[in-house]
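Each remark here refers to the structure printed beneath this line.
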Number of protein chains: 2
Amino acid sequence: MARLDRAAVIAGAWDFVEASGLDALTMRKLASSLGVHHGTLYWHVENKRALIDALAEDLLAGVADIGPKEQGADRLISLAGRLRSALLSRRDGARIVAGTFVRQPNTLAFGEAAIDAARDAGVPAEDAALAAFTVQYFVLGFTIEEQSQHQLLDSGDWPTDTNAVDAGRFPLISAALDTLRRVPREAQFDYGVRRIVRSLTFTE
Amino acid sequence: MARLDRAAVIAGAWDFVEASGLDALTMRKLASSLGVHHGTLYWHVENKRALIDALAEDLLAGVADIGPKEQGADRLISLAGRLRSALLSRRDGARIVAGTFVRQPNTLAFGEAAIDAARDAGVPAEDAALAAFTVQYFVLGFTIEEQSQHQLLDSGDWPTDTNAVDAGRFPLISAALDTLRRVPREAQFDYGVRRIVRSLTFTE
DNA sequence: ACCTGAACACCGTTCAAGT
DNA sequence: ACCTGAACACCGTTCAAGT
């Protein structure tokens, strides 16, 4: 067995998360899946928090690297789509990224690119960060919900009655959930992002 | 010592979170703070997840109960402000609410009120849920960040260098962080919510 | 430089038995 | 109905000692 290094630990962590989910990820179980004593992991990674932060950074690699061909509002829309794709590319990706409160390069690069795109789309400089923030939280919120519903459906843990909101007391939510089930996620997301970006960049 | 009931467990959990934070909350430590064996808690509450869900529900009590005097976009803005106030009223309130993936009455009532307000503000019925969703995630994201910065500042764990984003590589983020430090949180939030709501409810 | 063994100080949850 | 004792099956992290 090849000697372990930090990259191998991260790769192993992804395999583990893909197979068993973020909640099951444990330093001890990860170590054993890598064929190594669990104490060993601490040679390569500071602690569990740092490992998950590293997963988030890994997931966001390249997301901000967008060509100069897209301009204005389209660039912000594009960034939002790239972020969602990256989050969806791994199980629990959205939760992994949302949980990290860090200032790591790829995370910062995304923020920087989003603010830049907002400015390019005509948002006044002092509001650009707010616009970028709004888009980012929409993507994270949307995708967290999306991924957790995937899991619930996969696990069969959501038979209908958990989902069945009392339509008498909450008619609007019931209707919204119905729409959510009918319309493809992709279309919902596109529509939502477009509407948010357009409205944020609307100059009066 | 009075006999324990579910309400006392929840009250004790709030006291504990207020004193030590959500991350320190443990069934065992909570039990001992209540002067009771930790097995006892499971008589009053199903498990730890259910306890935290109950905290979230508790926090959201009454947030949706808004008088009929506010109409249209103002009602949605009001709801957003009420949500933020509720989240801020308890330590780690935003994280507690964001972590719950549940369909409990107060949570649903807030969603219902927000969708209703969006419709009242002129958002077409089929987009109202999206608008409500966007506002809700803005408030949660904003307040999570706000509260975690409180803690970092309180703990003195953020001396300047962790916060000091490389201004050369990320000039826009650096500038945004600077603004964030200068402008009062309240004003930022109000401004942000107003802008989002106004743009979402803007009819072309 | 990298890994093991062993320990420390914890967890959440269950459940017979008590009152 | 409510609580204790005791157990089960885990955790993350550290660190001397090995190679």
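Below, chains carry the letters A, B, ... as their sequence lines are ordered, and counting in each starts from 1. Just the heavy atoms: all of them, side chains too, but no hydrogens, waters or symmetry mates, feed the values below.
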Next item on the list: May I ask you to evaluate whether Thr26(A) reaches the phosphate of dC10(D), defined as a side-chain N or O under 4.0 Å from OP1 or OP2?
Entry: no
Check: Is the shortest side-chain N/O distance from Lys29(A) to OP1 or OP2 of dC10(D) below 4.0 Å?
Finding: no
Checklist line | Inter- and intrachain pairs under salt bridge (charged side-chain N to carboxylate O under 4.0 Å, His left out), touching residues 128-150 of chain B, at least two apart | finding: Arg84(B)-Glu146(B)
Can you name the atoms? Protein N/O to nucleotides 17-19 of chain C N/O, anything below 3.5 Å, with the distance.
none

Notebook entry, point to check: For atom CZ of Arg169(B), is the number of surrounding heavy atoms from other residues, nucleotides or ligands below 6.0 Å larger than 12?
Noted result: no
Checklist line | Distance, C1' atom - from dC10(D) to dA9(C), rounded to whole angstrom | finding: 14 Å
Could you work out which one of [options] sits closest to the side chain of [X]?
X	options	value
Arg28(A)	dT4(C), dC11(C), dC11(D)	dC11(D)
His38(A)	dC3(C), dA6(C), dG12(C)	dA6(C)
Val36(B)	dG12(C), dC3(D), dT13(D)	dC3(D)

Distance-only check: which donor-acceptor pairs under 3.5 Å involve side-chain atoms of residues 12-23 of chain B, not counting sequence neighbours?
residue: Trp14(B); atom: NE1; partner: Asp58(B); partner atom: OD2; Å: 2.8
residue: Glu18(B); atom: OE2; partner: Arg91(B); partner atom: N; Å: 3.3
residue: Asp23(B); atom: OD1; partner: Arg95(B); partner atom: NH2; Å: 2.5
residue: Asp23(B); atom: OD2; partner: Arg95(B); partner atom: NH2; Å: 3.3

Would you give me the side-chain donor-acceptor pairs under 3.5 Å for residues 63-71 of chain A, sequence neighbours excluded?
residue: Glu70(A); atom: OE2; partner: Ser78(A); partner atom: OG; Å: 2.4
residue: Gln71(A); atom: NE2; partner: Pro68(A); partner atom: O; Å: 2.6

Ignoring hydrogens and geometry beyond distance, is a side-chain donor-acceptor pair present between [X] and [Y] at under 3.5 Å?
X	Y	result
Glu126(A)	Thr179(B)	no
Arg182(B)	Gln188(B)	no
Arg185(A)	Gln149(A)	yes

Notebook entry, point to check: Is the shortest side-chain N to carboxylate O distance from Arg103(B) to Asp166(A) below 4.0 Å?
Noted result: no
Check: About how many Å separate CG of Leu130(A) and CG of Leu200(A), when rounded to the nearest 0.5 Å?
Finding: 7.5 Å
Item checked: Listed partners of Phe170(B) passing ring pair (Phe, Tyr, Trp, His ring centres under 6.0 Å), at least two apart -> none
Next item on the list: Report the residues that fulfil ring pair (Phe, Tyr, Trp, His ring centres under 6.0 Å) with Phe142(A), sequence neighbours left out, ordered by chain and then residue number.
Entry: Phe138(A), Phe189(A)
Check: Considering residues at least two apart in sequence or located in another chain, which fulfil the side chain to side chain contact (heavy atoms under 4.5 Å, CB included) criterion with Ala73(B)?
Finding: Ala121(B), Val197(B), Thr201(B)
Take the protein atom [atom1] of [X] and the nucleotide atom [atom2] of [N], then report the distance between them rounded to whole Å.
X	N	atom1	atom2	answer
Met27(A)	dC10(D)	CE	C1'	16 Å
Leu25(A)	dC11(D)	CG	C1'	12 Å
Leu34(A)	dT4(C)	CG	C1'	15 Å

Next item on the list: List in chain and number order the residues that pass salt bridge (charged side-chain N to carboxylate O under 4.0 Å, His left out) with Glu46(A), two or more places apart in sequence or in another chain; answer none if no residue qualifies.
Entry: Arg6(A)
Next item on the list: Only counting residues at least two apart or in another chain, list the ones meeting salt bridge (charged side-chain N to carboxylate O under 4.0 Å, His left out) with Arg194(A).
Entry: none
Notebook entry, point to check: What base-paired stems does DNA chain C take part in, with at least 3 consecutive Watson-Crick or G-U wobble pairs and both distances under 3.5 Å?
Noted result: C:4-8 with D:12-16, C:12-16 with D:4-8
Item checked: Stretch residues 10-23 of chain A: residues that reach within less than 4.0 Å of DNA chain D through a heavy atom -> none
Check: Going by heavy atoms closer than 4.0 Å, what residues in residues 39-54 of chain A are next to DNA chain D?
Finding: Gly39(A), Tyr42(A), Asn47(A), Lys48(A)
